[in-house]
Amino acid sequence: MEQYAAWQALVKAGEATSWQKYYVYFYQAFVDKDRWMQYLNGVLTTLYVTALALLIGVILGVIVAVVRTAHDQQRPGKRSPVLGFFNAILKVYVTVIRGTPMMVQLMIMGFVIFASSRDFALVGALTLGINSGAYTSEIIRGGLMSVDAGQMEAGRSLGLNYTDTMRFIIVPQAIKAILPSLGNEFIVLLKDTSLISVIGGKELIYAARAIVSRTYEALFPYLGTALIYLVLVMLFTWLLGIFERRLRASDLR
Amino acid sequence: MMKKIVAILCAMMLTLTAVSAFAADFTTIEAGKLTMSTSPDFPPFENTDDDGNIIGIEPDLIALICEKLGLEPNWLAMDFDSALLAPQTGKADAVVSGVTVREDRKTQFDFTTSYVSIHQAIVCKEDKDITMDNLGEQTIGVQNGTTGQIYAVDDFGEDNVVAYNTYSVAFLALTNDQVDCIVVDDLVGKAYAATIPGLKVVETTYEAEEFAFGVSKGNTALVEAINEVLEGLIADGTVEEIILKHSMN
């Protein structure tokens with residue numbers, strides 16, 4: 001602390017060595033005035049938003065994928081109009097969400113649709129979840145469609161109904177196939193949470209920018225933020241890896 | 001052959017004289033141009049018109065200064081917190097964005113002479129009763145990097161303050177009732193209140209602040225050159241005239 005004050009005076013006077021300069025920059029970016037607390041709060045918001053968006057995204061994605069696969073895999077001549085109706089709506093949802101930038105969706109949700117909400121993180125999580133749902137649904141749909149039609153026929157001919165065939169035969173095979181791309185989508189989602197600062201969400205980059213505007217020094221706050229995101233993504237990847245290995249256990253022969 | 005050499009020599013001499021004519025005794029990152037970072041969401045100091053030009057008090061002042069110094073103004077529009085960092089990282093010669101002279105900023109820039117004095121003000125909806133006394137109970141909107149943010153966070157804590165990328169977004173949030181009030185420089189608050197119906201400006205007790213241009217650290221010659229012109233403009237009343245002109249509308 002005393003050393004920081006002394007070296008800070010040197011930096012101000014322009015007489016510090018580069019080691020002293022970077023020490024001061026580091027200290028004022030993380031330690032001084034307990035600024036690490038701001039990053040911590042930011043990370044907590046980031047994780048909260050990611051978790052909530054992930055939940056919304058997966059639920060939406062599964063619903064959309066199941067309806068759309070069910071629609072596409074009907075036997076010719078026996079098409080259900082109800083499924084057709086929902087399929088059309090969900091197709092519009094996927095088209096609109098995939099066809100507009102994340103940032104624009106956030107602005108619309110934050111300042112138009114939820115213009116009276118003050119829970120910016122929640123609005124952000126909802127927007128990200130709806131966005132992620134569109135991408136997730138296509139990934140899941142791809143997985144379900146990739147399972148050979150013969151598997152469904154075999155299941156049904158053994159006396160299982162549609163739901164049971166899906167549950168015990170199709171889904172377990174599909175999950176394994178989509179896990180890598182699903183992991184990709186989750187990582188993108190985690191990093192996209194940084195966008196919610198534009199509507200006032202106080203996540204990690206919001207904290208870093210606030211600190212930069214106090215210290216007028218961008219190096220450590222931004223580098224630190226990048227490092228925190230990297231660590232979060234690596235943790236995420238590691239967890240997904242474990243999950244994937246466990247699913248693969250039956251593949252070894 | 002001889003002719004060619006003479007021609008080349010002539011050309012070289014021409015460019016040399018051209019350069020020396022410009023480089024009176026200051027340097028800019030791009031010769032013949034004064035490159036400035038700004039956050040053009042700060043009327044009447046700087047704003048964009050419908051053609052995307054940056055207009056306002058400071059562009060007018062800079063135009064006069066550049067004319068005297070034989071430079072061409074070159075504006076780089078960005079968010080305010082980035083604009084403050086631009087001179088330091090060598091992207092701009094100066095930040096011209098209604099920058100308050102602060103002790104801690106003096107390590108980042110060499111400030112020119114200040115040309116106007118302003119106060120912080122509170123802007124809120126007309127039906128709200130917000131003063132300095134109950135400001136702590138409100139959600140306060142500010143722009144990231146401004147003195148408004150520094151005061152609000154220091155006095156009322158991070159939880160009561162929402163910092164936006166630009167003041168225009170902060171005022172959008174105010175009209176949406178997403179924040180209760182905005183803390184901003186009084187002239188700017190008045191300019192926004194004049195364009196957005198139903199807003200009022202309340203005075204604060206924060207100390208007066210001085211605006212100046214923040215020139216990149218160490219470019220003393222440029223500061224002196226700007227100061228010479230700027231002080232002349234202050235002395236003959238041109239600065240006041242320009243400020244009045246823009247504050248009217």
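In what follows, chains are A, B, ... by sequence order, proteins preceding strands, each numbered from 1.
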Just checking [X]: does its [atom1] atom have more than 12 heavy atoms from other residues, nucleotides or ligands closer to it than 6.0 angstrom?
X      : atom1 : result
A:K91  : NZ    : no
A:M234 : CE    : no
A:F86  : CZ    : no
B:D51  : CG    : yes
A:E244 : CD    : yes
A:W7   : CH2   : yes

Top of A:K202, A:M107, A:R118 for chain B proximity - count of heavy-atom pairs under 4.5 angstrom: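 Among A:K202, A:M107, A:R118, the one with the most close pairs to chain B is A:R118.
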A:R68: partners by salt bridge (Lys or Arg N to Asp or Glu O under 4.0 Å), with sequence neighbours left out: A:E138
Under 3.5 Å: donor-acceptor pair, side chain of B:Q178, backbone of A:G110: yes
Proximity breakdown for A:F114 and chain B, heavy-atom pairs closer than 4.5 Å: backbone
A:Q38, part contacting chain B, at a heavy-atom distance under 4.5 Å: side chain
Partner chain A: residue of B:T146, B:L172, B:L84, B:T166 with the largest heavy-atom pair count (under 4.5 Å): B:L172
Top contributor to chain A interface from B:A163, B:S82, B:A173, B:A170 [non-hydrogen pairs under 4.5 Å]: B:A163
A:R214 and B:V153: CA distance, side-chain angles, deciding distance, side-chain contact (heavy atoms from CB on, under 4.5 Å) verdict: CA-CA 11 Å; A:R214 284 299 177 124; B:V153 170; 3.5 Å; yes
Engaged part of B:D154 at the chain A interface, taking heavy atoms whose separation is under 4.5 Å: both
Toward chain A, the part of B:I150 with a non-hydrogen atom under 4.5 Å: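 The answer is both parts of B:I150.
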Can you give me the closest heavy-atom contact between [X] and [Y], atom names plus distance?
X      : Y      : result
B:D81  : A:Y222 : OD2-OH, 4.4 Å
A:S213 : B:G145 : CB-CA, 3.2 Å
A:A210 : B:N144 : CA-OD1, 3.9 Å

Proximity of residues 85-106 of chain B to chain A, residues having a non-hydrogen atom under 4.5 angstrom: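 Answer by number: B:L85, B:Q88, B:R102, B:D104, B:R105.
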Rounded distance [0.5 Å steps], CZ in A:R209 versus CD in B:Q149: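 With rounding to 0.5 Å, CZ (A:R209) is 10.0 Å from CD (B:Q149).
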B:Y164 and A:F120 aromatic ring geometry - parallel, tilted or perpendicular at 30°/60° bounds: perpendicular
